[in-house]
K.L.:
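Shown below is the structure under consideration.
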Amino acid sequence: MKSLDRIDDDSSTTQPMEDQGHRTVLLHEAVDALLTDLSGIYVDGTFGRGGHSRLILSKLNNVGQLMGIDKDPAAIANAEALARQDARFAIHHGSFTDLDALAGIDRQVDGILLDLGVSSPQLDDPGRGFSFTQDGPLDMRMNHQQGESAAQWLARAQEQEISRVIWEYGEDRFSRRMARAIVREREIEPILTTKRLAGIIAGACPTREKGKHPATRAFQAIRIHVNRELEDLVLCLDRALEKLKPGGRLVIISFHSLEDRIVKRFIRKHQKGDELPSWLPVTEAQLNRRMKSLGRAVKPSPQEVADNPRARSAVMRVAEKLT
């Protein structure tokens, strides 16, 4: 789960982020790592409720610029209100994979921030379909106006595909049992609500993990699949490297081991440079090292986790572009 910053209640989309119980994870750590030039151009690729963006703007001077990106229409409404208040800020409605097509930013930027995953208001709003603890329509889309909902996918997917998704993205050892139960139950009655899906999954689990609902991993896996979260992350990382200017920073906060693994391997690959035969004599410049990792992975302090338990799985990695 990510830093928690979106809802789908049109009546409250322009309220201050504090009104939504929002707590931006690793807020100061991320912004401090991102900013290298207070006159620079930056991208917040996951605007959400704007916690990171507002802090960035508070530090930039009058020349600095910030572009926000988000899929969620509710987040966009919140961001548009901020754009009306601050001419240094603009918002793009879409995916962070759109980095190379941002209107108004036709050159390289000084920093890109990504705060990955789902948000607290999304989780806490039953209407979004992310939560297995509250009943609501089985949707799970970051942008509920586009794409296929979780209910639609589960209604058509083959048992093998459902099992693969739950295993690969949720790492749940009972993925086959769950998939079999979903296919069996959808023949009896369509699976349209989160409560029904959670009940089917729970019934397929022969054991219980202490302190964890049996549907936790499966819901997470289906959400990742429906929103193409890992595929989009891979695309975004490649485009971010090209969008950054030399010396620019890439700051990424992950809440899932699969996301963090992708980020870590990407940074390591470009820090190592081109893979050449060990016997081939080459200069340092010929290795084509394009990034360097800045410090170790950063995790929330014990105090932050105590204040916000949803921060406990967060991992932040920072890299700087070399060439």
K.L.:
Quick one: are Leu138 and Ile222 in side-chain contact, heavy atoms under 4.5 Å?
P.N.:
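Sidechains of Ile222 and Leu138: no contact.
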K.L.:
Within the distance-only criterion (no hydrogens, no angle test), does the side chain of Arg88 pair as donor or acceptor with the backbone N or O of Asn61 below 3.5 angstrom?
P.N.:
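Yes.
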K.L.:
Between Arg261 and Ser257, is any pair of side-chain heavy atoms under 4.5 Å apart?
P.N.:
yes
K.L.:
Are side-chain heavy atoms of Val226 and Glu148 found at a separation under 4.5 Å?
P.N.:
no
K.L.:
Please say yes or no: joined through hydrophobic side-chain contacts below 4.5 Å, possibly via intermediate residues, are Val315 and Val298 part of one cluster?
P.N.:
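Different clusters.
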K.L.:
List the steps and the verdict of salt bridge (Lys or Arg N to Asp or Glu O under 4.0 Å) for Asp139 and Arg128.
P.N.:
CA-CA 6 Å; Asp139 195 312; Arg128 300 307 299 266; over 6 Å; no
K.L.:
For atom CZ of Arg208, is the number of surrounding heavy atoms from other residues, nucleotides or ligands below 6.0 Å larger than 12?
P.N.:
yes
K.L.:
Rounded to the nearest 0.5 Å, how far apart are CZ of Arg217 and CD1 of Ile201?
P.N.:
13.0 Å
K.L.:
Using a 3.5 Å distance criterion without hydrogens, assess whether the side chain of Arg239 forms a donor-acceptor pair with backbone atoms of Cys236.
P.N.:
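Flag not set: sc Arg239 to bb Cys236 has no pair under 3.5 Å.
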K.L.:
Just say parallel, tilted or perpendicular for the rings of Trp153 and His225, cut-offs at 30° and 60°.
P.N.:
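Ring orientation of Trp153 relative to His225: tilted.
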K.L.:
Is there a continuous path of hydrophobic side-chain contacts, each under 4.5 Å between heavy atoms, that joins Leu230 to Ile162?
P.N.:
yes
K.L.:
Nearest 0.5 Å please: distance from the CG atom of Leu26 over to the OG atom of Ser301.
P.N.:
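Going from the CG atom of Leu26 to the OG atom of Ser301 covers 8.5 Å.
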K.L.:
Look only at the side chain of Ser254 and the backbone of Leu116, and say whether a donor-acceptor pair between them is shorter than 3.5 Å.
P.N.:
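Here the side-chain-to-backbone pair does not exist.
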K.L.:
Would you call Lys245-Asp110 a salt bridge at under 4.0 Å N-O?
P.N.:
yes
K.L.:
With a cut-off of 6.0 Å (strictly less than), are more than 12 heavy atoms of other residues, nucleotides or ligands near CZ of Arg196?
P.N.:
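Check passes, neighbour count above 12.
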K.L.:
Which heavy atom of Trp167 sits nearest to which heavy atom of Asp172, and what is that distance?
P.N.:
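In this case the closest contact between Trp167 and Asp172 is CE3-O, 3.3 Å.
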K.L.:
Using a 3.5 Å distance criterion without hydrogens, assess whether the side chain of Arg317 forms a donor-acceptor pair with backbone atoms of Ser293.
P.N.:
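Such a contact is absent between Arg317 side chain and Ser293 backbone.
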K.L.:
Can you name the nearest heavy-atom pair linking His93 to Pro73, along with the distance?
P.N.:
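For His93 versus Pro73, the nearest heavy atoms are NE2-N, 4.1 Å.
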K.L.:
Under a 3.5 Å distance rule, please check whether Gln108 uses its side chain to pair with a backbone N or O of Leu244 as donor and acceptor.
P.N.:
yes
K.L.:
Is there a continuous path of hydrophobic side-chain contacts, each under 4.5 Å between heavy atoms, that joins Ile91 to Leu60?
P.N.:
yes
K.L.:
Going only through I, L, V, M, F, W and Y residues with side-chain contacts under 4.5 Å, is there a path from Met316 to Leu55?
P.N.:
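Result: yes, single cluster for both.
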K.L.:
Which pair of heavy atoms, one from Leu34 and one from Tyr42, lies closest together, and at what distance?
P.N.:
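Leu34 and Tyr42 have their closest heavy atoms at O-CE2, 3.6 Å.
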K.L.:
Strictly distance-based, threshold 3.5 Å: is any side-chain N or O of Asn227 a donor or acceptor partner for the main-chain N or O of Glu229?
P.N.:
no
K.L.:
Drop me the distance from Asp238's CG to Thr97's OG1, to the nearest 0.5 angstrom.
P.N.:
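It comes to 11.5 Å.
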K.L.:
Considering residues, nucleotides and ligands other than Gln158, do more than 12 of their heavy atoms fall under 6.0 Å from its CD?
P.N.:
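For Gln158, atom CD is not crowded (no more than 12 foreign heavy atoms under 6.0 Å).
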K.L.:
Measure the shortest side-chain to side-chain distance between Phe174 and Thr207 over non-hydrogen atoms and say whether it is less than 4.5 angstrom.
P.N.:
yes
K.L.:
Should Leu154 and Leu192 be regarded as members of a common hydrophobic cluster, given that ILVMFWY residues are connected when their side-chain heavy atoms come within less than 4.5 Å of each other, either directly or indirectly?
P.N.:
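In one cluster: no.
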K.L.:
For His92 and Gly68, indicate whether the former's side chain and the latter's backbone hold a donor-acceptor pair under 3.5 Å.
P.N.:
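No: the side chain of His92 does not pair with the backbone of Gly68.
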K.L.:
Check whether any side-chain N or O of Arg249 sits under 3.5 Å from a backbone N or O of Glu320 as a donor-acceptor pair, and report yes or no.
P.N.:
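Side chain of Arg249 to backbone of Glu320, a donor-acceptor pair under 3.5 Å: no, none is there.
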K.L.:
How about Lys243 and Ile105: do any of their side-chain heavy atoms sit closer than 4.5 Å?
P.N.:
yes
K.L.:
Testing Val43, Leu57, Leu82 for side-chain contact (heavy atoms from CB on, under 4.5 Å) with Leu66, which one passes?
P.N.:
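Among Val43, Leu57, Leu82, the one meeting side-chain contact (heavy atoms from CB on, under 4.5 Å) with Leu66 is Leu57.
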K.L.:
A side-chain contact here means heavy atoms from C-beta on lying under 4.5 Å apart; do Leu113 and Phe96 qualify?
P.N.:
no
K.L.:
Looking at CD1 of Ile112 and CG of Leu237, how far apart are the two atoms once the value is rounded to the nearest 0.5 Å?
P.N.:
9.5 Å
K.L.:
Answer yes or no: is there a side-chain heavy-atom contact under 4.5 Å between Asp32 and Lys59?
P.N.:
yes
K.L.:
Determine whether more than 12 heavy atoms belonging to other residues, nucleotides or ligands lie under 6.0 Å from atom CZ of Arg156.
P.N.:
yes
K.L.:
Using atom types as modelled and distance alone, determine if a side-chain donor or acceptor of Ser163 lies under 3.5 Å from a backbone N or O of Gln160.
P.N.:
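No; zero donor-acceptor contacts below 3.5 Å.
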K.L.:
I need the Leu250 CG to Leu294 CG distance, nearest 0.5 Å.
P.N.:
10.0 Å
K.L.:
Can you find a pair of side-chain heavy atoms, one from Glu189 and one from Glu185, that are under 4.5 Å apart?
P.N.:
no
K.L.:
Got a donor-acceptor contact below 3.5 angstrom from the Asp70 side chain to the Gly48 backbone?
P.N.:
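Flag set: sc Asp70 to bb Gly48 pair under 3.5 Å.
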K.L.:
Inspect the contact between Arg290 and Glu242 and indicate whether a charged nitrogen and a carboxylate oxygen are less than 4.0 angstrom apart.
P.N.:
yes
K.L.:
How many angstroms lie between CD in Glu159 and CZ in Arg184, if you round to the nearest 0.5 Å?
P.N.:
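If we round to the nearest 0.5 Å, Glu159:CD and Arg184:CZ are 9.5 Å apart.
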